[in-house]
2 protein chains.
Amino acid sequence: MTDRPLNATAASLLGFLHAGPMTGWDLVATAEVVIGDFWSLTRSQVYRELTAMEAAGLVQAGEVGPRERRPYRLTDAGREAFRRWLEREPGPEQIRYPLLLTIAFGRHLDPERLAAFVAAHRSVHAARLADYETLQGDGSDHLDPYARATLDFGVRYERAVLEWFEHLPGLLPLPPAAGDDRPEADT
Amino acid sequence: MTDRPLNATAASLLGFLHAGPMTGWDLVATAEVVIGDFWSLTRSQVYRELTAMEAAGLVQAGEVGPRERRPYRLTDAGREAFRRWLEREPGPEQIRYPLLLTIAFGRHLDPERLAAFVAAHRSVHAARLADYETLQGDGSDHLDPYARATLDFGVRYERAVLEWFEHLPGLLPLPPAAGDDRPEADT
DNA sequence: CCTTGACAGTCCACTGTGGCATGCTACCGT
DNA sequence: ACGGTAGCATGCCACAGTGGACTGTCAAGG
């Protein structure tokens, strides 16, 4: 009823439903894979949006299947709403990086501890970059150009972050030079 | 009472209060300048957190001044809580970039429109980079090393994004080659 | 037959956002 | 001197988004 514009999360769900009816669970899984690297969503929200969108007539729930699976399919109104959303100016990007907060307040923190945090995060980013680059190498062909473009963003982002990590020791009051040049991963 | 761990926003406020008593308004302004590029907060939330933290004994409200100004000052408990927060492993970073969503669903969108969105965002990032680099050039000296480190992150991030924008035309089904090769900045 | 584990959805408390409303007061022009 | 207005300062609300706990379902295997 209320024709307030969609939010980006709901719109994405409609986008995925173009490929055919899916359940909330499927949508979460799909979203994680396809847009998870630059758009976060949670189960709770997905189910909530689906309920709301059904009430608004943008999707239609089908018969409940085996495991309480409730598939939703796109309606014409939903297709319409998706198009309208897609044509609106996308909002500004948001970064929230807790590590940068910790660094910003680094004056109050033991340098060794800070160094440990930094090392941990660096290895996370290194792993992600490796992932992305594998994807780019392997099967970049079977991706559509749009997916390749967002993947490229990821690669460049991770590379930049890693370079920053490399330069950090020159910028920050260092750990008192312990067994530091061993980038070991202890888990 | 409830000694649940602080959230990052509340903790940041405590961090800023180390410099002396401040009002909610001041805290918002400070936060915007100091951590605004990688941590967002809103007035509403700041006031809510302050109220909650006062109830928890982490800050103490002073006399109400001229314009209903209500300065808060750090208590010992607050200082303690801040330290404990700062020593906890900072969480993973979050990026939410609506433009990437639009691109990911670009198949459903008119290429010209997509190109327009891209151009608009590119100029935003260009402007931010210019800002950061001015800051780095000018007065990088009067910044503490920690601020310089976070600024460096910003610079590298924006540079990476801009490079990505440069490469996009090679990845995406292009706009039908309108007056495109003029990277004009209209403002 | 019963446990285990992946699947599927729900609920709740909290965090975070943006806009509206409301007063206050310093300053400005007349 | 005085009325307007711009910016200061806080509060409130509805909604978006998060993460964890919880319930239930089915399939496979010991």
Side-chain angles (χ1 to χ4, degrees), chain A residues 1-13 21-32 35-36 38-56 59 61-72 85 91-98 101, chain B residues 1-13 21-32 35-36 38-56 59 61-72 85 88-89 91-98 101:
Chain A
M1 284 301 131
T2 50
D3 264 2
R4 308 196 298 93
L6 288 174
N7 63 26
T9 300
S12 301
L13 300 182
M22 302 175 85
T23 67
W25 189 269
D26 297 333
L27 285 165
V28 171
T30 306
E32 195 135 321
I35 58 175
F38 48 86
W39 197 262
S40 58
L41 38 67
T42 54
R43 276 199 305 293
S44 328
Q45 202 196 345
V46 168
Y47 287 114
R48 212 184 326 147
E49 297 293 351
L50 284 174
T51 309
M53 287 197 295
E54 190 187 15
V59 296
E63 291 298 296
V64 176
R67 278 176 205 214
E68 211 74 1
R69 284 177 72 87
R70 195 193 328 280
Y72 287 88
W85 170 79
E93 110 267 39
Q94 282 201 0
I95 304 186
R96 301 194 107 212
Y97 201 167
L101 271 188
Chain B
M1 283 299 133
T2 50
D3 264 1
R4 308 194 300 93
L6 288 173
N7 64 26
T9 300
S12 299
L13 300 181
M22 301 175 86
T23 67
W25 188 268
D26 297 334
L27 284 166
V28 171
T30 306
E32 195 134 322
I35 58 175
F38 48 87
W39 197 262
S40 58
L41 37 68
T42 53
R43 280 196 303 290
S44 328
Q45 201 196 347
V46 167
Y47 288 113
R48 212 190 319 157
E49 296 293 350
L50 284 173
T51 310
M53 288 198 293
E54 190 186 16
V59 296
E63 291 298 297
V64 176
R67 279 178 203 213
E68 212 72 1
R69 283 177 73 86
R70 195 194 325 283
Y72 287 88
W85 171 79
R88 304 191 348 140
E89 166 71 34
E93 109 269 38
Q94 280 201 1
I95 304 186
R96 300 195 108 211
Y97 202 167
L101 272 187

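All of these numbers come straight from a predicted model, not from anything done at the bench. Labels below follow one simple rule: chain letters A, B, ... track the order of the sequence lines, proteins then strands, and each chain is numbered from 1.
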Can you give one letter per nucleotide of nucleotides 7-14 of chain D, going 5' to 3': B for a protein heavy atom under 4.0 Å from the base, S for sugar-phosphate only, - for none? BSBBSBB-
Among residues at least two apart in sequence or on other chains, which ones pass side chain to side chain donor-acceptor pair (under 3.5 Å) with B:Arg96? A:Ser40
Round to the nearest Å and state the distance from A:Glu49 atom CD to C:dG9 atom P. 16 Å
Give me the bend of the helix from C:dC1-D:dG30 to C:dT30-D:dA1, using the axes of the five pairs at each end, rounded to 10°. 10°
How close or far is atom P of D:dG19 from atom CG of B:Asn7, stated in whole angstroms? 13 Å
Rounded to the nearest Å, what distance is computed from the CG atom of residue A:Leu27 to the P atom of nucleotide C:dT10? 13 Å
In whole angstrom, what separates A:Ile95's CD1 from C:dT17's P? 14 Å
Heavy-atom nearest pair, A:Ala8 first then B:Leu101, reads CB-CD1, 3.8 Å
Residues at least two apart in sequence or cross-chain that pass side chain to side chain donor-acceptor pair (under 3.5 Å) with A:Tyr72, listed by chain then number, are none
Applying side chain to side chain donor-acceptor pair (under 3.5 Å) to B:Ser44 and not counting sequence neighbours gives none
What is the separation between atom CD on A:Gln94 and atom P on D:dT18, rounded to the nearest whole Å? 10 Å
Would the number of heavy atoms belonging to other residues, nucleotides or ligands and lying under 6.0 Å from CD of B:Glu32 be above 12? no
Between CD1 of A:Ile35 and P of D:dG17 the distance, given in whole Å, is 11 Å
Tightest non-hydrogen contact, residues B:Gly91 and A:Pro98, listed as O-CG, 3.5 Å
dist B:Ile95:CD1 -> A:Trp39:CH2 (nearest 0.5 Å) comes out at 12.0 Å
Whole Å only: how far is the CG atom of A:Leu6 from the C1' atom of D:dG17? 16 Å
Test of understanding: with side chain to side chain contact (heavy atoms under 4.5 Å, CB included), list the residues that count as partners of A:Ala10, not counting sequence neighbours. A:Leu6, A:Asn7, A:Glu49, A:Met53
Just how far, in rounded Å, is P of C:dG16 from CG of A:Leu41? 18 Å
Minimum heavy-atom distance B:Tyr47-B:Trp25, with the two atoms named: OH-N, 3.4 Å
